[in-house]
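Below is one structure, written out as C-alpha cells; comments come after it.
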Amino acid sequence: MKSTVIKEPSMVQQKEMIADHFQQLAEAAEHGRKVVYTFVPGNLTELMLGFDTLPVHPEINALQSGMRKLSGSYIAAAERVGHSEDVCTYVKCDIGMLLDGNVGPTGKKLPDPDLLLLSYTGCFTFMKWFELLRERYDCPVAMLHVPYQADGEATEEMIAYVARQLETEVIPKLEQVTGVAYDRDRVREHMLRSRVAEDDLVAVLEAAKHRPSPIDAYFGGVYYIGPMFTAFRGTEAAQAYYRQLRSEVDARVAAGQGPITPEGLLDEERFRIVVEGPPNWTHFREFWKMFYDEGAVVVASTYTKVGGVYDRGFRHDPDRPLESLAEYCLGCYTNLNLPSRVDMMADYVRDYAADGFLINSIKSCNSFSAGQLVMLRHIEDATGIPGGFIETDLVDPRYFSSSNVKNRLESYFQMLAQRSSGQEVESA
Amino acid sequence: MGVEAIIGRCQGLLEDLDLACVSEWKAAGEGRKAIGFLPVYVPRELIHAAGALPVGILGAGEELEIVRGDACFQSYICHIPRSTVELGLRGKLDALDGALFPSTCDVIRNLSGIWQLMFPEKEAIYFDVPQNLDPQVGGVFYRGLLAEIVTRLQRVVGRDVGADDLRAAISAYNASRRLVRELYDLRAAEPWRVPTSEAYLLLRAGMRLPVEEHNELLANYLTAVRDEDRALRDNARIVITGTFCEQPSLDLIRTLEHAGCYVVDDDLMLVTRWYGPDIRTDGDPLDAIAEAWMSADDETPCRYVADGTRKGQQLVDSVRRCGAEGVIFAAPSFCDPALLDRPMLQAVLEEEGIAYTSFKYSENTAQLQPIREQAGTFADTIKLWSDA
Amino acid sequence: MTLSAGVDVGSNSVKAALVDDGGADARRLLGSAVQRIRGMDLADAVEECYEAALAAAGVEREAVDYVATTGESESVPFRTGHFYSMTAHARGGLFLVPDARAALDIGALHGRVIRMDERGKVLDYRMTSQCASGSGQFLESISRYLGVALDEIGELSRRADDPEAVSSICAVLAETDVINMVSRGISTPNILKGIHLSMAGRLIKLIKAARIEGVVAVTGGLAADEGLIAAMTEAAAEREFPLDLRPHPESALAGAIGAAIWGAFRHRKLSRLAPAG
Amino acid sequence: MKCYVGIDLGSTTTKALILDEQARPRGRGITNSRSNYDVACEVARNEAFLDARFNLFEAAISERAAGIPGAEALPRALRGDFAWEQHIHLQGELEATCRVEAERGPNREAVAAALGEVFEQMTADASKLFGPDARPRSDFFRDVAGAAYMRLAQAAARRHDLPFERLLGIFDKSILVVENHVPEQMLAERIERALERSAERLELSTEALATLRELVEEVVGEPLVEDVSVGTGYGRARLPFPRERIRSEILCHGLGAHALFPGTRTVLDIGGQDTKAIQIDEHGVVTGFQMNDRCAAGCGRYLGYIADEMNVGLHELGPLAQQATKPVRINSTCTVFAGAELRDRLSMGQRREDILGGLHRAIMLRAMSLLSRSGGIHDEFTFTGGVAKNAAAVEALEGLVDENYGQRTLNISPDSIYTGALGAALFALRSATEQAPVGANGGTR
Ligand SMILES: Nc1ncnc2c1ncn2[C@@H]1O[C@H](COP(=O)(O)OP(=O)(O)O)[C@@H](O)[C@H]1O
Ligand SMILES: Nc1ncnc2c1ncn2[C@@H]1O[C@H](COP(=O)(O)OP(=O)(O)O)[C@@H](O)[C@H]1O
Ligand code: SF4
Ligand code: SF4
Ligand code: SF4
C-alpha cells in the first residue's frame, strides 16, 4: 500500500481557521480585543462572540502540548511546584505551560486572560483549575455552576438556575470586562449559524453508518469536532467548513471509500468499533496506527460529544438564547449520568452495526473514568457484544505503554475475529 | 459511663460493618427507614425530620477485603467508592433504604450512577449543592432542591414531613454541632486530655446513632474525660487537613499520635461540623437550611471560594486559634479536590511562615511506616527546635 | 563530654556508631559497625552490630550515656530515645559533609531527600513512593542477574558508552526489560548505566521538588555506588541543574551517627533540666 | 509422526507442547526463560521432543514388552537417569566456566580450592537429586545448581576465608554463559549411557536389556516431523515465527483450557508477571478478558521473591503456607517489597506460616478483582499457569470463590502450566488442517 499524505480542502480550511485564530490572539492587545479563558464542555461561544471576545481553551493547549511532546516536561514542572502525581494531567500540563512562559502552539506567547469564564460542566476539576489560574492572573472570574443530570434529564429548575447565572453572573462580568453591552440579537444570529453547522456535523458523524464507513469517528472525529467545540461555533467560517466537510464525506460515501488516516486511505474495513473515553494525545498517531494496522475503524465515539451531543437532537435555539445555552451546558456528554452513558453507547453499537466496543480509560479524568468498568458490563449485557478495555492518559507520556496497549488491542481484535469466525462455523 | 466504656461503644459501632445497629434501630419501631449518605456535606436534618435514620457511608476502613469493588474502579481512583460498592454487593448496606450523594467530586457523582445501575431497587438521591452563593440564584435553586429531597424522602418513608418536624431536626443538629465544637475546643486547649483517636471515634459514632443518643454520648464523654488523669507528653501541636472525604484508618490516626503529634484541629468527619452559628429555627425551615449553606464560610476543597484572597484563610485561622505549630496535609491518594487544593493552601502557609508536611493515604493503607517516619520527623523538627 | 551511641535498623542492614560529643568543635566518631540482616533474627543482628561497634570504639557498654535509635526502634530494647530517620540522616549528613544543606539518603527500599539548614534542622523532604521501582533492592537483583557483584556496579556503569533506557515503571517489569536488553546484545555497562540514569531521574525529581540546591551529602548504602552518583551528576548537568553530590566513605553510617549526635544533644538538655541527684 | 508444536514464551518459563494429528498431546518441555529467547525456545522444544520419545517408549513397552521383568519400571528410571546425565553434563560446563571466571580476580588459589570442594560435593549430591523418589526444588538447572552452589559456597567461603560475595559473583556470571547456549543433543549416546545405568539399577537380565535396547533404538529412530508451530506468550513478538504463526496469550489460554476441560467458561491464568482473567464460550472462543497492567504486584514472580528471601524452593512455598493457622492480612503485594514485608512481619513476631498464608491470600485477592472485572466466575472455572501448581494458592482461591460466588467446579490440571502452549499447538493443528492462515487476522498485510 502506498502511503500518500492526503489533504482535503476541509483540512486546509481548518488549518487556516486555527492559524487565523492564533494570529488574532497574538494581536489581541494591539486591537484591544479582550481575551477569555474558558473550557470546551459547556462553552458559551455564541455569547462570547456577542461580546467580541477571543477565547483561549486551556484543555486545547494541553492537548496540543501533548501532541507536540511537550506535555511531559510541563507536567514535571507542575509537579515540581507541588502538584501531586495523582491529579488530572490536563491541569498540570496547563500550569506547567504557564510556568514556562505560556507559549502557545504557534510559538507565540498567549495573551493573559481578561476574564476567566469558568463554566464548570461535567467535571469538578475545572473549578480547581480556575482557582489555580486565578492565583496567577489578576483578573475577574465568572463562575457558572452547571448541575449534573443525575436522573437523566435536565429539569426546568436546572435550566432556570443556569440561565439565571448567565444573566446575573456571566453577562455582567462580560459586559464589565469588554465594555460592550449584551445584545440579544447578535447572540441569536450566531446561534442561527451554529444550527446550520450542527446539522452538517451530525450528517458527517452519521455517515459512519455506511459500510465501509467513510470516516473514523474517533481519531478523525477529533478533527471534525474541532471548530464546533472551540472558538468557531456560530461563525461563518465554521459554517463554510462544515458544508465543505459534509460534501467531501458524501463524496467518499458515494465512492465507497473508507476513512483517510495518516497512514493513507484505509481500504479494508475489518472491524467496526465504538469507543468511549478521550484519546491519548502524546502517542496519537501511534495509537491510531494500531487501529489502522488491524483494519479497525471507529464508527462512533462518545468523546466527540463532550462539547455537545448534537446527534441526539440538541440544537441551539435562537428563540430562547439563554435557556438554550443552559440546555447545551447541561447536556454535554460528561454531564450525563452513567445509565444515560450506557444507553448511548449501546445505541451506538446497534445503530452503527459495530463489531465491538472499546473503553479507553484515562487516568487523569475521574469525570470520564470513574464507573467505566461498570458501564462496560452493562453495555455488554445490553448489546451481547464483548467490550475491550485499555488504560492510557491524555497527556502524561508516562502512562502510555505502547507494548501494553498494543497487546490488549491485538488480543481484543483477535478475539473479535475468533468470535466472528466461530459464529460463521456455527451458521454454516 | 466512663471514658473507656464510651470509647468501647464507639469502637464497636465503627467495626459494625454490617450495620447491625441500624437494623436494630429499624426493628425497634414500626416502618422505620434508614437513609445512607456519603461525604462531605449533607443536610441530615431532612432525613431526621422524615423520621428516618441518617447513616454515614464512609467506606470500609482497613477491615474489609475488597474483591468486587475493585472490579468497578481502576487502580487510580480513590478507595472509598470501591469499598462502598463492596459493602453494597456483600449485602452490608441492606439496612439502608436509600442514599444521598452530595456533589463532592466526580467520583461520588459517578458513584450515584453506579448505585442506580447496581442497586436499582434503592432510592439514590444525587444533589447538587449550589456553588453560586447568590441567594436569589443559588439560594432559590437550593431551596427547590431541598424541597425535592424532602418529597423523595416522603416517598421512601411513606408519610408527610411538616415544618415542625424540620424545626425539631434543626434543633437537634444544632445541639450536636454545639457539642462537637465543645469537644474540638477542649482538644485544642488540652490535647493530652482528648486523644484524636477518641475524638474521631466519637464523631464516627454519630454516623450510626440517632442524633439525640449521640448528643448524650458526646455530653457524657465531655464530662467523663475532664476527670481523667492523663499525662502531658512532649508532643508537637499540629492541624490535619485534607481528610474531608475518604477517612484514614484509626491506626493511621494513632500512628500520628505515637509519632509525637497532638492533633489540635482537623477536617475529619466534616459533615458533623458545618456552619458557624446555629441554623435558625424560626420561619421556613428549608429557607433556613439553604441560608445556612449560602452564608457558611466553611472552606473545603469541594466548595468554590469566590473571593480568591480568602483562599486558605480558614486554615491559617485555625492554626492561630488552636496554637498549632504546624500543619499536616493528609489526603486520600487520587483525591483530586484535596490534592489540587494543596499547593494553594501551602502557598498561603508559606507566606504566613507556618511549617507543614504532607502525605497521602488510603482507608486501607497498611504500611504505616513511611507515614510514621514523615510525621515523626516533622514532630522531631518542631520539638528539637522549639526553643532554638 | 557525652558518650552516645546511634543504632540505625534498616531493612537491609543494621548500623551502629559511637560518638564522643563535646559540642560543635569536638565531635568524634569513635567506632562503628554494619551488619547485614539477611537470614538473621533481627534482634541478634542488632545485638551483634552494637557489640561490634562498642568493640571497635573500645568503649564499655555501661559507659554510654545515651543510646539513640532510628529506623525500626522496637528491635533495640536498650534504647534511651528515638529519632525519626530523616531527622537522623540530616544530622549525620551534616556531620560527614559540613558544607551540605541537604541530605540524599538512598537505601535498599527507599530514596529520600532532606533539605536542612546549617544546624541540621529539617526544612523539607521528599521520598519515593511505595512502589519499589528504582530502589537499591532492584539494582541488587538486576546486578545478580547480570552476574555483577555489588562493588563492581559503579565502575562498570561508568564505562558505558551508549546507555539503554529502562522503560517500565514497575521494577519487576523492568527486570524483564533488562532481560530483553541482554537478549538484544546490549552490554552490561550500558544496561547498568540505563538503570542508574532512570534512578537518577527519579531522585533528581525528588531533589528538585524539595527545592534543593548546592552541596548535598549522600547517605545510605547506595552512596557507595559511584555509578549512580556519576549518573545523577550527568543527568543534572544535562538539565542544567546545579548539583554538588558528596558521598562520604562513612555514608552508610549517617543515620546512626546522626541519631547519636541528637542523642548527645538530648542528654545534655535532659541533664540540665534534671540536675544530678 | 507429524507434530504440531505450541510454544509459550513466558516471562519466567518457556513451555513447548507437541500434539499429534489427532490433537493428542505427545510431549511437553519446559525451561526457564532466559535472555536468549531463541535458546529458551529451542531448549523447551528439545525437551518436548525428548519427552515425546520417552512417551513413545513407554507406550512401546506396555504394548510389546509388558512381560519382561523390570520393563515396567524402566521408562521412569530411564527418565531419571537421563535427567541426571543432562545435569551432570551442564554441571561440568558450569564448573569449567566458573574456573575460567575464577582466574580473573584476586585470591585465585583460594577460590580455585573452594570451587573444587563445592563442585565435588555437588556431583556427589546430584545422584540424590535424581533418584527415583527425588523431588528437586525446581525443574531448572539454574535453580537446582544455584541452590546447591549457594549452600556449599557459604561454607567453603568461610573455610577459605573468602568473601561469599566473590563466589556468588562467579556463579552469577557463569550460569549466564552456561544457560545461554543450547546444549548439544547427542541423544542416542546419552540415552545409551542412561540405559546402562538404569539397567544396572533395575538389575535387568541381559536378554531383557537386549530386547529393550532394540525398542529404545526404534523409538529414537522414529522421525518426529514438526509440521506447523505456533508461538504465544509474553515474548511472542520476538519468537522467530512469522506473524500469522503468533497468537495472543489470551486466545491460547482460552483454547487450551477449553481443550483440557470442555466445560470451562472462566479461566484464570497467573504467570510470572501477569495475571489474566478470561471468559470463554462453549467453543473455547474468548468473549472477554482482563489482565493486569504495568504493575506486577501479586503475580508469580512475587512468590519467587518470597521463596528467594526464605531460601526455599518454589515447590516448598505452598505446603509451608498451608500450615498457616491464622493467616495475617496483607494489603501490599508489591513484588519488590515482598521480602521486606516478610522480614517486617517476622520481626513483629508473626509466624512464618501465617505470613505466608496471608501472602497467598493477598495474591488471590488481586486475582479475584481481575476475575470480577472480567465478568465474574462462571461454571466451570479453570485455573492455569505456573501458580496453579501452588497448593496454597489454590486453597486460597477455592475459599475466595466459595465466599464470593458460591459453589463452582474448579479445574486444575497437573499440566496447567502448559495451557498456553496447548492452545498454541491447537492453533497450529487448526491452521494445518484448514490450510489457510489462522483466523481472520491472517498475514495479508
Ligand atoms: N557499592 C555499592 N553499590 C551499589 N549498591 C550498594 C553498594 N553498597 C551497598 N549498596 C546497596 O545499599 C543498600 C543498603 O542501604 P542501606 O542504607 O543500608 O539500607 P537500609 O537502611 O534500608 O538497610 C542495599 O540495597 C545495597 O544493595
Ligand atoms: N512447581 C511450582 N510450584 C509452585 N509454583 C510454581 C511452580 N512452578 C512455577 N511456579 C510459579 O509459576 C510462575 C511462572 O508461571 P508461568 O505460567 O510459567 O509464567 P510465565 O508464562 O509468565 O513465565 C513462577 O513465578 C512461580 O511462582
Ligand atoms: S478531570 Fe477530565 S474533564 Fe476534568 S479537567 Fe481533567 S481531563 Fe478535563
Ligand atoms: S476521596 Fe476525594 S476523590 Fe475520592 S470520593 Fe472523596 S473527594 Fe472524591
Ligand atoms: S509497579 Fe512493580 S514495583 Fe511498583 S508496586 Fe507494582 S510490583 Fe511493585
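Lettering of chains follows the sequences in order, A, B, ..., and the numbering in each one begins at 1. Bear in mind that the values here come from a model prediction, so they are computed numbers and not experimental data.
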Which atom of A/Arg408 lies closest to which atom of D/Phe289, heavy atoms considered: O-CZ, 3.8 Å
N/O donor-acceptor pair under 3.5 Å between D/Arg247 side chain and A/Gln414 backbone: no
Backbone N/O of D/Arg373 and side chain of A/Arg377: donor-acceptor pair under 3.5 Å: yes
Salt bridge (charged side-chain N to carboxylate O under 4.0 Å, His left out) partners of D/Arg408, counting only residues at least two apart: none
Contacting region of D/Gln290 [heavy-atom separation from chain A under 4.5 Å]: side chain
Part of D/Thr232 lying under 4.5 Å from any heavy atom of chain A: neither
CD (D/Gln407) with more than 12 external heavy atoms under 6.0 Å: no
Greatest number of heavy atom pairs closer than 4.5 Å to chain D - which of A/Gly388, A/Ser411, A/Gly387: A/Ser411
D/Leu251 side chain reached by A/Gln418 side chain, heavy atoms, under 4.5 Å: yes
Check: D/Asp281 and A/Arg419 side chains under 4.5 Å, non-hydrogen atoms: no
Which atoms of A/Leu376 approach chain D - backbone, side chain, both or neither, heavy atom under 4.5 Å: side chain
